[in-house]
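Heads up: the structure comes next, in structure tokens.
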Amino acid sequence: VIVDRMHLDTSKRGHFVKIAQEKKVPVHSVVLALPAKILAQRVKDRTNHPGGVEGPSKVGMALSSTKKLEVATYDEGFDMINVAYSDAAVERIVSQYRVCCGIDLNLKTSFITSSGQPLPSITLGTMGWGQRVAKDATKLAVTLGAQAFDTAPTYNNEPRVGESLAEDTLCTVKVPKRATTAEQVREEFEKSITKLKRPKADLLLLHWPCDVIANETLKEVWQEMEKLVQEDKVLSLGVCNFNPKALSILIPHCKIRPAVNQVERHPLLPQWDLIDFCWQNDIVLQAHTPLGQGKGALLSHGILETVAERNTLSSAQTALLWNLQGNVAVVPRCTSKGHIQEILDIVRSKP
């Protein structure tokens, strides 16, 4: 049962909850809470609205109704609640239903972020790639069709990775946690793109929230990152390892909101609260460590192995699909030809 923004209070929604409970089916509340500016424009532009709520004279009526909205709570009997603040959020919810109902199992090859830039569904991570393997692993992955790489100065391999990047390969660059001032952000960024031999960064992520929040320099650091976008040295901005509380501290300071939040996520660490927060704020979630460090706790989990066997997949492919079919991009790490091919094949086939 989908409940739209006009079911404003508990009593009205209760009608649908009662029906669902009588039929013993789950009931899902989707609240469409568009910003007032967008709602006003849509009402102005409407024609042939069945309720006659259209044109400039009806804008006030529509806006007044939004003020009466009481967001649904689980105490009312809902099994799931989502609040959508944009068309992109609505699209994500609809696509999830299409996957769950078996209507559309084709995977996205890329996501379009709020900045308008594409983010490949699969970005290869370079953390843990030593100096000896980084150059060859990057070259091999590019040859096999990898479209994007995730880098950081703290991985200590930027020069080696940069030697093998193709011109059209997307590259994520990170501002390390040690950079807590605007000057340090600028310095770290310039060092990274020089080592990577890139004219600009496709995506610049603030690697950790802890130090900049502790030093009360988050606003200063983010504003310097925004300047890099304004100077056409960076296409999109994002963050790493930010929970909802850290994002809530950051967002009020943003002229350019984070388009991506990269965090650890896999079936043993689902992060549902963070998923909801990011979707509500048009932030694409990107899962680093989607294979759970590649250790047995995840990849040898009985349920994962059963699902993999039933679908003729490896445990690693199954774990990655769990994120990808949930509209979460992934950043797996691997260096061998077989593993790289296995990962990239996921979006080339139709699991």
Side-chain angles (χ1 to χ4, degrees), residues 26 28 74 78-82 89 92-111 119-125 127-128 148 150 205 238-247 260-280 283-336 338-351:
H28 179 188
Y74 287 104
F78 288 104
D79 295 277
M80 183 161 59
I81 298 170
N82 287 110
R92 283 190 287 267
I93 293 169
V94 171
S95 67
Q96 284 297 92
Y97 268 98
R98 293 178 67 83
V99 169
C100 291
C101 296
I103 297 170
D104 185 3
L105 294 179
N106 294 326
L107 296 175
K108 294 180 180 178
T109 57
S110 65
F111 296 80
L119 177 73
S121 297
I122 299 175
T123 296
L124 288 188
M127 188 177 79
D150 179 78
L205 304 182
V239 294
C240 275
N241 306 306
F242 271 58
N243 60 22
K245 182 177 180 180
L247 287 168
V260 175
N261 184 17
Q262 187 186 107
V263 299
E264 181 174 358
R265 186 178 189 265
H266 46 72
L268 298 181
L269 186 64
Q271 306 242 46
W272 297 120
D273 288 346
L274 182 59
I275 284 269
D276 281 345
F277 187 94
C278 287
W279 283 9
Q280 290 169 16
I283 300 171
V284 172
L285 203 70
Q286 189 181 48
H288 71 63
T289 328
L291 301 179
Q293 307 285 351
K295 297 178 181 177
L298 176 62
L299 296 184
S300 64
H301 193 285
I303 294 176
L304 193 72
E305 289 184 331
T306 298
V307 174
E309 184 178 353
R310 286 177 180 173
N311 293 278
T312 320
L313 297 166
S314 69
S315 289
Q317 288 175 320
T318 305
L320 294 176
L321 281 167
W322 180 83
N323 266 309
L324 292 171
Q325 289 186 336
N327 273 305
V328 176
V330 295
V331 188
R333 301 193 306 271
C334 54
T335 57
S336 72
H339 285 157
I340 294 172
Q341 192 75 62
E342 177 185 6
I343 287 171
L344 297 179
D345 280 348
I346 294 174
V347 294
R348 292 170 179 161
S349 58
K350 297 181 179 180

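Numbers for residues simply follow the sequence, beginning at 1.
For Thr123 against Pro332, the heavy-atom pair with the smallest separation is O-CD, 3.3 Å. When all heavy atoms are compared, the tightest approach of Leu298 to Gly292 is CD2-N, 3.7 Å. The two residues Ile283 and Asn261 have their closest heavy-atom pair at CG2-N, 3.5 Å. Residues Glu342 and Ala316 come closest through the heavy atom pair OE2-CB, 4.1 Å. Summarising the geometry of Ala319 relative to Pro290, their closest heavy-atom pair is CB-O, 4.1 Å, with the distance given to 0.1 Å. Contact detail for Phe111 and Ser121: the closest heavy-atom pair is CE1-OG, 3.7 Å.
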What pairs of donor and acceptor atoms, side-chain ones from residues 305-312 against any protein atom, are under 3.5 angstrom apart with sequence neighbours left out?
residue : atom : partner : partner atom : Å
Thr306  : OG1  : Gly302  : O            : 2.9
Asn311  : ND2  : Val307  : O            : 2.8

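Under the side-chain hydrogen bond (donor to acceptor under 3.5 Å, both in side chains) criterion, Asn323 pairs with Arg265, sequence neighbours left out. With sequence neighbours left out, Ala246 forms a side-chain contact (heavy atoms from CB on, under 4.5 Å) with Pro209, Ile213, Phe242, Asn243. Partners of Ser336 by side-chain hydrogen bond (donor to acceptor under 3.5 Å, both in side chains), not counting sequence neighbours, listed by chain and number: His339. Residues passing the side-chain hydrogen bond (donor to acceptor under 3.5 Å, both in side chains) test with Asp150, sequence neighbours excluded: Lys174, Gln262. Qualifying side-chain contact (heavy atoms from CB on, under 4.5 Å) partners for Leu269, counting only residues two or more places apart in sequence or in other chains: Glu264, His266, Gln271. Shown here are the side-chain hydrogen bond (donor to acceptor under 3.5 Å, both in side chains) partners of Asn327, two or more places apart in sequence or in another chain: Ser95, Gln96, Lys108.
Considering Leu320, Ile343, Val331, Thr109 in turn, Ile343 is the only one that fulfils the side-chain contact (heavy atoms from CB on, under 4.5 Å) rule with Ile122.
Taken to the nearest 0.5 Å, the CZ atom of Phe277 stands 11.0 Å off from the CG atom of Asp273. Atom CD1 of residue Ile81 and atom CG of residue Asp276 lie 9.5 Å apart, to the nearest 0.5 angstrom. Atom-to-atom distance recorded for Ile303:CD1 and Ser315:OG is 12.5 Å, nearest 0.5 angstrom. Here the CG-CG distance, from Leu321 to Leu313, works out to 6.0 Å after rounding to the nearest 0.5 Å. Taking CD from Gln341 and SG from Cys334, the interatomic distance works out to 10.5 Å, rounded to the nearest 0.5 Å.
Gln317 places no side-chain N or O within donor-acceptor distance of the main-chain N or O of Ile346, the cut-off being under 3.5 Å.
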